[in-house]
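Structure, as structure tokens:
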Amino acid sequence: MRKILQKAPQVVMTVAMLLLFRPAQGAAPGNWKIVYDKAAGTLRLTRPAGNVHLQLYASCKWKGRLITTKDYDTATLTTKPLGDAFGKGTLLQVTYRDEKLPTLVQSFYQYPGRDYLLTDFTLEAPYGSIASNYMAPVNLIDMASVPGRGDNRALFIPFDNDKWIRFQSHPLDFNSLTSYEVTAVFNGDTRKGLVVGSVEHEFWKSAVIMRKETNGKGYTLTCYGGAADSTTRDLLPHGAREGRRIRSPKVMLGVFADWRTGMEAYGKANAIVAPRRPWEKAMPVGWNSWGVLQFKLTYQKALEVSDFFKEHLQPHHFVNRDGEVVIGLDSGWDKFTEEQLKDFVRHCEENGQVAGIYWTPFTDWGKRPEANIKEAPQYKFKDVYLYANGQPQELDGAYAIDPTHPAIEQRMQKVSALFHRCGFRYVKMDFMAHGAINADRWYNPGVKSGIQAYNYGMQLLDKYFGDMYINLSIAPVFPARYAQSRRIACDAWNKIKDTEYTLNALSYGWWITHIYQYNDADHVVLQQATEGENRARVTSAVITGLFIAGDDFSREGSEEGKARARKFLTNAEVNAAAMGRSFRPVEGTGLRSEDQFMLTDGKGHTYYAVFNYTDNARSLQLPLERLGLDPARQYHVRDLWSHTDINGAQAISIPGKDVRFFKISSK
């Protein structure tokens with residue numbers, strides 16, 4: 001179906017509005033409908049299911065000015081069948097033309113039965129090339145009405161997990177809010193919500209910005225490619241997409257009865273575009289030296305930790321479903337000789353363990369510009385820095401280096417060869433965001449943006465380390481396809497504040513489990529904390545994903561830490577709940593973090609964890625309805641820490657700085 005819309009007679013517009021963008025014949029009822037609004041110069045998106053009414057246009061920067069689809073003189077609309085990784089559907093396209101502007105083609109990818117659609121657009125020059133470093137497929141006008149009246153909120157999602165950055169659920173009382181890659185705008189009472197976010201991460205760093213309208217009665221929302229600021233760790237603007245024809249990021253736009261389902265749908269949509277890195281074995285469980293030992297790590301202590309696990313923890317339920325644990329050497333392993341590294345690996349294997357190791361591929365910690373690179377001695381470090389305005393860029397105390405420089409591939413070749421010779425099968429890659437920042441230029445002239453350079457470097461990482469389990473530490477959320485897991489937040493240790501900080505990321509980033517195989521709650525440290533804090537910290541790992549201990553279990557290590565490990569890392573019922581699946585928040589309205597989390601497994605059991613981050617005891621009723629359970633039914637409620645059954649009708653008491661963890665089953 002094809003029709004040209006012009007700023008012309010009303011009769012032409014009326015016919016177009018009636019005929020264009022009707023759902024494909026045979027499509028399921030409740031599909032999206034898209035019509036052109038002549039008066040506003042925008043598209044109106046409606047869907048009877050969910051009572052959805054949105055007003056949308058696209059925009060971009062071109063030759064130093066902002067242009068929008070409202071600026072064009074004519075629009076040609078077409079529909080055709082669509083078949084791709086998302087399924088069969090309909091592609092709806094609007095081609096905007098104006099003799100003074102580049103041709104803009106706005107596309108909508110609609111799939112029957114889904115609560116979301118995808119959209120992007122292209123710019124095409126009549127001759128020569130075109131460039132833009134800002135392309136926004138989604139501009140919504142007064143969209144805050146979507147959730148309805150009540151406790152309306154918007155999520156802040158950080159670009160990465162560096163510098164102890166936090167997620168946040170913001171009440172709609174701000175003037176402006178920028179979230180990175182995605183946001184949800186939702187009602188905390190009804191849970192209805194709008195989810196908007198980029199599902200492509202090859203060239204663009206994307207963001208969603210909400211602004212209060214000048215009349216103060218609503219908000220606009222823009223999702224764009226081209227984000228570059230202190231939160232993306234950038235000093236320079238985003239690089240420009242260049243060519244005869246350039247394309248924006250593809251964006252998911254959906255309205256859901258439950259915003260949590262919407263965020264999970266967003267994660268799954270990203271995994272359709274770029275599938276998760278496969279892992280056929282069980283979720284890793286084990287130990288990392290950075291928890292307590294840090295730079296006190298030695299060869300002898302590493303062997304002693306391995307022996308402690310074999311003797312005291314592995315026979316008592318602290319193993320993964322394959323019966324293995326990972327014993328991971330973090331920063332400081334470079335003091336070992338190669339023979340010591342090989343012997344450490346052999347020792348772990350004899351103890352039924354997998355040996356892990358650590359590296360930071362995109363950093364120079366020495367900050368020695370004139371020094372030769374050990375693995376590529378024909379180059380100096382100054383040759384590989386990512387410069388901003390001619391100066392090396394420092395982040396977290398290290399200079400960032402160019403992932404596209406051939407010296408970096410040489411480093412990867414040499415380091416991976418060492419790891420493979422020694423027999424390591426698990427590697428923690430840290431400070432990855434250094435490789436994603438924008439720069440004056442890159443060694444590879446075809447690279448024009450920081451995230452494009454990062455993808456280049458990660459493809460090399462896959463080439464040389466691809467047969468190992470890769471766990472990212474400090475890293476952007478996206479792209480996710482290069483590693484099996486990623487730490488969900490920054491460093492966390494033993495106190496209730498560490499548990500709360502980790503769970504802040506789980507509260508609003510649990511959906512990341514759909515783009516990585518596992519979220520990582522960081523190392524669990526038990527010494528120098530209360531037993532309630534121990535229970536809370538262990539539970540935070542169990543409900544997040546990877547379950548990694550961090551105390552010093554060598555002979556000189558804390559006896560308190562060892563005793564607590566024997567007590568709190570060996571609870572069979574708690575450990576059985578560590579399934580590698582991140583629990584979702586029960587609500588989404590926490591001032592700093594959520595304190596209630598849930599997961600329903602494949603057998604119909606509902607796991608429910610409720611935390612108390614304060615010093616004082618608190619109590620609450622089991623919130624069956626908010627857990628999706630029937631309040632009129634009776635349930636078997638098991639307290640996993642105390643191994644006791646409780647009366648679910650009675651108030652639940654949670655001591656200060658502690659947790660209660662339940663398994664709820666039908667009677």
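Quick note: numbers below take in every heavy atom, side chains included, and nothing from hydrogens, waters or symmetry partners.
- Interatomic distance, CZ of Arg276 versus CG of Asn270, reported as 12.0 Å (0.5 Å rounding).
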Gln393 and Tyr399: side-chain hydrogen bond (donor to acceptor under 3.5 Å, both in side chains), yes or no, with the steps?
CA-CA 6 Å; Gln393 298 189 71; Tyr399 283 160; over 6 Å; no
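- Under the side-chain contact (heavy atoms from CB on, under 4.5 Å) criterion, Ala302 pairs with Leu297, Leu329, Phe336, Phe344, not counting sequence neighbours.
- Judged purely by distance below 3.5 Å, without hydrogens or angles, the side chains of Glu375 and Gln413 never pair a donor atom with an acceptor atom.
- Under a 3.5 Å cut-off, the side chain of Asp160 and the backbone N or O of Pro476 do not form any donor-acceptor pair.
- For Trp333 and Tyr358, the ring centers sit 6.0 Å or farther from each other.
- At least one donor-acceptor pair under 3.5 Å links the side chain of Asp498 to the backbone N or O of Asn494.
- In the displayed structure, Arg592 atom CZ is contacted under 6.0 Å by at most 12 heavy atoms of other residues, nucleotides or ligands.
- The environment of NZ in Lys310 is sparse: at most 12 heavy-atom neighbours from other residues, nucleotides or ligands sit within 6.0 Å.
- A search for side-chain contact (heavy atoms from CB on, under 4.5 Å) contacts involving Pro406 returns Tyr379, Tyr443, not counting sequence neighbours.
- Counting only residues at least two apart or on different chains, the side-chain hydrogen bond (donor to acceptor under 3.5 Å, both in side chains) pairs with a member in residues 281-293 are Lys281-Glu324, Asn288-Asp330.
- Aromatic ring centres of His201 and Phe478 lie closer together than 6.0 Å.
- The ring pair (Phe, Tyr, Trp, His ring centres under 6.0 Å) search around Trp493 returns His523, not counting sequence neighbours.
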Please report the C-alpha distance between Ser485 and Asp520 in whole Å, then the side-chain angles of each, then the deciding distance to 0.1 Å, and finally whether the side-chain hydrogen bond (donor to acceptor under 3.5 Å, both in side chains) criterion is met.
CA-CA 7 Å; Ser485 56; Asp520 178 359; 5.6 Å; no
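- A side-chain N or O of Arg487 and one of Ser473 form a donor-acceptor pair less than 3.5 Å apart.
- Between the side chain of Lys268 and the backbone N or O of Met263 there is no donor-acceptor pair closer than 3.5 Å.
- Other residues, nucleotides and ligands contribute at most 12 non-hydrogen atoms within 6.0 Å of the NZ atom of Lys497.
- With no hydrogens or angles considered, a side-chain donor-acceptor pair links Tyr385 and Asp364 at under 3.5 Å.
- One side chain, Thr360 or Thr363, offers a donor N or O that lies under 3.5 Å from an acceptor on the other.
- By the 6.0 Å contact criterion, NZ on Lys61 is open, its count of non-hydrogen atoms from other residues, nucleotides or ligands being 12 or less.
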Let me see the working for Ser449 and Trp204 under side-chain hydrogen bond (donor to acceptor under 3.5 Å, both in side chains), right down to the final yes or no.
CA-CA 7 Å; Ser449 78; Trp204 296 103; over 6 Å; no
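- Other residues, nucleotides and ligands contribute more than 12 heavy atoms inside 6.0 Å of the CZ atom of Arg421.
- Within the 6.0 Å centre-distance limit, the rings of Phe465 and Trp359 are counted as a close aromatic pair.
- Note that the NZ atom of Lys562 and the CZ atom of Phe553 stand 9.0 Å from one another [nearest 0.5 Å].
- Atom SG of Cys422 is separated from atom CD of Gln340 by 10.5 Å, given to the nearest 0.5 angstrom.
- Remark: Glu264 pairs with Trp510, Arg584 by the side chain to side chain donor-acceptor pair (under 3.5 Å) rule, at least two apart or across chains.
- At least one cation-pi condition fails for Arg425 and Tyr469: the charged atom is not both under 6.0 angstrom from the six-membered ring centre and inside a 45 degree cone around its axis.
- In terms of heavy-atom proximity, Ala483 sits nearest to Leu472 at CB-CG, 3.5 Å.
- Qualifying side-chain contact (heavy atoms from CB on, under 4.5 Å) partners for Ser507, counting only residues two or more places apart in sequence or in other chains: Ser593, Glu594, Phe597.
- Evaluation of the ring pair (Phe, Tyr, Trp, His ring centres under 6.0 Å) rule for Phe159 yields no partner, not counting sequence neighbours.
- In this structure, Tyr454 has no ring pair (Phe, Tyr, Trp, His ring centres under 6.0 Å) partners at least two apart in sequence or on a different chain.
- When only modelled atom types and interatomic distance are considered, Asp343 and Tyr299 share a side-chain donor-acceptor pair under 3.5 Å.
- Using a 3.5 Å distance cut-off with no hydrogens or angles, the side chains of Tyr464 and Glu409 do pair a donor with an acceptor.
- In this structure, Lys374 places its NZ atom where only 12 or fewer heavy-atom neighbours from other residues, nucleotides or ligands lie under 6.0 Å away.
- Screening residues 464-481 for salt bridge (Lys or Arg N to Asp or Glu O under 4.0 Å), with sequence neighbours left out, gives Glu202-Arg481.
- Under the 4.0 Å criterion applied to side-chain N and carboxylate O atoms, Arg564 and Asp551 are not assigned as salt-bridge partners.
- Separating the CG atom in Asn455 from the OG1 atom in Thr404 is a distance of 12.5 Å, to the nearest 0.5 Å.
- Tyr134 is linked by a ring pair (Phe, Tyr, Trp, His ring centres under 6.0 Å) to Tyr224, counting only residues two or more places apart in sequence or in another chain.
- In terms of modelled atom types and a separation under 3.5 Å, the side chain of Gln452 and the main chain of Lys448 share a donor-acceptor contact.
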side-chain hydrogen bond (donor to acceptor under 3.5 Å, both in side chains) between Asn351 and Ser306: does it pass, once the steps are laid out?
CA-CA 7 Å; Asn351 283 343; Ser306 171; 2.8 Å; yes
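- Not counting sequence neighbours, the partners of Ala269 by the side-chain contact (heavy atoms from CB on, under 4.5 Å) test are Phe86, Tyr116, Val199, Met252.
- Rounding to the nearest 0.5 Å gives a distance of 10.5 Å between CG of Asn471 and CZ of Arg486.
- Applying the salt bridge (Lys or Arg N to Asp or Glu O under 4.0 Å) test to every pair with at least one member in residues 429-446, sequence neighbours left out, gives no pairs at all.
- We find the CD1-CD1 distance between Ile515 and Ile272 to be 13.5 Å, quoted to the nearest 0.5 Å.
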